[in-house]
Amino acid sequence: MFALIDCNNFYASCERVFNPSLNNQPVVVLSNNDGCVIARSNEAKALGIPMGAPAFQIKQLLNKHNIHVFSSNYALYGDMSARVMNILSNFSPELEVYSIDEIFLKLEGFNLYDLTQYGWNMIDLVKRSTSIPISIGIAPTKSLAKVANKIAKKFPERTKGTYVIDTPLKVEKGLKWTKIGDVWGIGRQYQTKLQGIQVTNAWQFTQLPNEYVRKEMSIVGLRLQRDLSGIPTLDLEEVAVKKNIAVTRSFEKMYTDLEDIRERVATYASKVSLKLRKQNSCCQIAYLFLHTNKHREDLPQYANGISIKMPFETNSTMVITNAAMTGLKRIYREGYQYKKAGIIVMGLTPDTQNQLGLFYNEDPRHKVLMQTIDRLNKNCFDQVKLGAQDLSKVWKMQQNHLSKRYTTRLNELIEVKV
DNA sequence: TCTGGGGTCCTAGGACCC
DNA sequence: TCTGGGGTCCTAGGACCC
């Protein structure tokens, strides 16, 4: 059996941990630059706040209902996630952390266990240890565990947060209850296509001829169909090193000047280089893109990107930043108002087995320098930067509703009045 | 005024090899 | 009239996830 455990309204729940006055109050969390709604408490959902809504469009609604608004605080969410995952990892030796708020556990050899009770034990322990509410679905396959999890969430009174699918009858009932668009692996396009042939729930999908599914949805769809039918097909996946790493950001306002954009791109390049070093990878290619504000159709539009082949496999901030600057010069055009840029590094290789170049190789001093800079920045919070970055300003993001980093910064600890 | 960020996998077709 | 067979690698595009 597989268990899928997922944190309820995770970001909103994190905000409540250190601010219990938010309990039972509507809470929303916004994306970078305080742009869109990316998390909602149940109360906010009930008030009709749509997922993904631009904050400025729903300002009135937020004010009218006194909804508590937060900027995203990834330092807090990341740390709370690690705590929750750590606790849950005690419930099975085989697991897959699927996202910041979801984890699969494989429950092999649990035949004599009351799995519903087992789930309730998890909920209880995580709640007592972290204050984060979770929901649990347990079933013979991963995709059915997803279905069970949805049921647990939808009927909290009846399930008390845990729902187990363990009979063919429950499989059928669960699948018939699940709308086709809510199935894990069925997105917008497939939903439309399937509805077009009168497939509106997950059960009907499992009844489709294999050949049709194979032809229209490739091998991926076929696997999903099998897995949903109760034949274990999708297994836990190993945590692999990433194949691409990206840092992409909208600017807090539109920039026209090359100098301003150079500074932003240099900062993104150094962030992406640090991510590379953290997973002990080097890159062969850096891809840089730049574009204007797509939502401003009244303004002239321009978007372009460029792949830059590195002279050798590298994770040096200086080499990658240099490449990005060269690329930027090539794609930047005067006279546009730019809103977003990003760097994606690709062709990643382990930094222990670098292929030596025939003509050019990295200055061996870079490696030592990077290690030193990383160590300094870890202890002193990003004090060492390249000259191309803006040294004076730390945050270039709209974050008007940011909570404290309660769990990762000593000077932001929660204060208790006696 | 204002609209997020970061990933994965699969397939078809082109370029190339012998 | 008639023009082989078998393979790999790379890329762009399309789908999906949180």
Side-chain angles (χ1 to χ4, degrees), chain A residues 4-11 28-39 50-60 62 69-74 77-78 81 85 96-104 142-143 146 149 180-194 213-224 234 237-254 268 271-272 275-276 279 284-285 287 289 291-299 305 307 309 337 339-348 396-401:
Chain A
L4 173 65
I5 299 104
D6 123 351
C7 301
N8 303 344
N9 317 321
F10 183 53
Y11 296 170
V28 302
V29 179
L30 304 179
S31 62
N32 281 348
N33 280 317
D34 291 342
C36 299
V37 173
I38 54 167
M51 185 66 170
F56 76 93
Q57 281 178 8
I58 56 165
K59 211 165 190 173
Q60 300 214 328
L62 295 172
V69 177
F70 290 90
S71 308
S72 20
N73 183 348
Y74 288 108
Y77 311 151
S81 168
M85 299 306 172
E96 174 190 345
V97 175
Y98 182 66
S99 73
I100 194 165
D101 71 333
E102 281 175 74
I103 182 171
F104 283 104
K142 279 173 100 177
S143 59
K146 275 268 188 185
N149 182 286
I180 191 65
D182 291 339
V183 175
W184 185 40
I186 307 280
R188 277 255 175 75
Q189 305 299 318
Y190 288 151
Q191 179 188 351
T192 309
K193 179 173 278 181
L194 290 168
V213 176
R214 166 75 235 226
K215 182 161 169 286
E216 298 295 329
M217 303 173 66
S218 85
I219 188 75
V220 182
L222 202 56
R223 283 191 204 126
L224 172 64
L234 311 172
E237 296 194 11
E238 304 286 320
V239 260
V241 289
K242 287 190 177 58
K243 295 174 175 170
N244 300 298
I245 297 179
V247 173
T248 71
R249 291 280 182 287
S250 300
F251 310 140
E252 93 281 16
K253 59 174 189 185
M254 291 187 277
Y268 300 173
K271 277 182 198 277
V272 88
K275 284 188 179 182
L276 265 177
Q279 76 154 34
Q284 298 173 284
I285 294 165
Y287 177 80
F289 71 82
H291 58 72
T292 49
N293 190 340
K294 288 176 179 166
H295 299 285
R296 292 292 301 272
E297 286 168 11
D298 54 318
L299 298 176
S307 276
K309 176 113 179 62
Q337 301 194 56
K339 181 61 179 171
K340 184 170 180 174
I343 299 182
I344 306 166
V345 288
M346 302 181 288
L348 305 194
K396 295 228 172 193
M397 224 195 282
Q398 298 254 10
Q399 291 185 303
N400 296 325
H401 313 278

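- Residue A:R249 has a polar side-chain atom (N or O) positioned under 4.0 Å from OP1 or OP2 of B:dG6.
- Look at A:T248 and you'll find a side-chain N or O under 4.0 angstrom from OP1 or OP2 of B:dG6.
- By the ring-ring contact (aromatic ring centres under 6.0 Å, His included) test, A:F10 pairs with no residue at all, sequence neighbours left out.
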For nucleotides 10-18 of chain C, read 5' to 3', which letter fits each nucleotide if B means a protein heavy atom sits under 4.0 Å from the base, S means only the sugar-phosphate is that close, and - means neither? -----SSSS
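- At the heavy-atom level, A:K253 lies nowhere under 4.0 Å from the strands shown.
- For A:R214, the salt bridge (charged side-chain N to carboxylate O under 4.0 Å, His left out) test picks out no residue, with sequence neighbours left out.
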Pairing of DNA chain B as dot-bracket, 5' to 3': ( ) intra-strand, [ ] crossing, | other strand, . unpaired, with Watson-Crick or G-U pairs under 3.5 Å? ....||||||||||||||
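- A search for ring-ring contact (aromatic ring centres under 6.0 Å, His included) contacts involving A:Y74 returns A:Y11, A:Y77, not counting sequence neighbours.
- A:M254 comes within 4.0 angstrom of the backbone, heavy atoms only, and of no base.
- In the set B:dG4, B:dG6, B:dT8, the nucleotide with an atom closest to the side chain of A:N244 is B:dT8.
- Closest to the side chain of A:Q57, out of B:dT3, B:dG6, B:dG4, is B:dT3.
- Each of B:dG5, B:dT3, B:dG6 was ranked by its minimum atom distance to the side chain of A:V247; first place goes to B:dG6.
- For A:F104, the ring-ring contact (aromatic ring centres under 6.0 Å, His included) test picks out A:Y98, A:W184, with sequence neighbours left out.
- At a threshold of 4.0 angstrom between heavy atoms, the contacts of A:I344 with the nucleic acid are absent.
- Residues A:K242 and A:R223 each lie close to DNA chain B; by heavy-atom proximity, the contact nearer the 5' end of the strand is made by A:K242.
- Residue A:N293 contributes atom CG, which lies 9 Å from atom P of B:dG4 at whole-angstrom precision.
- Nearest-nucleotide mapping onto DNA chain B: of A:K243 and A:C36, the residue sitting toward the 5' end is A:C36.
- At the phosphate of B:dT3, neither OP1 nor OP2 sits under 4.0 Å from any side-chain N or O atom of A:S31.
- Distance check on atom C1': B:dC17 versus C:dG4 gives 15 Å, rounded to whole Å.
- For B:dT3, the OP1/OP2 oxygens have no side-chain nitrogen or oxygen of A:K340 closer than 4.0 Å.
- Contact annotation: A:K339 does not reach the phosphate of B:dC2 (side-chain N/O to OP1 or OP2, under 4.0 Å).
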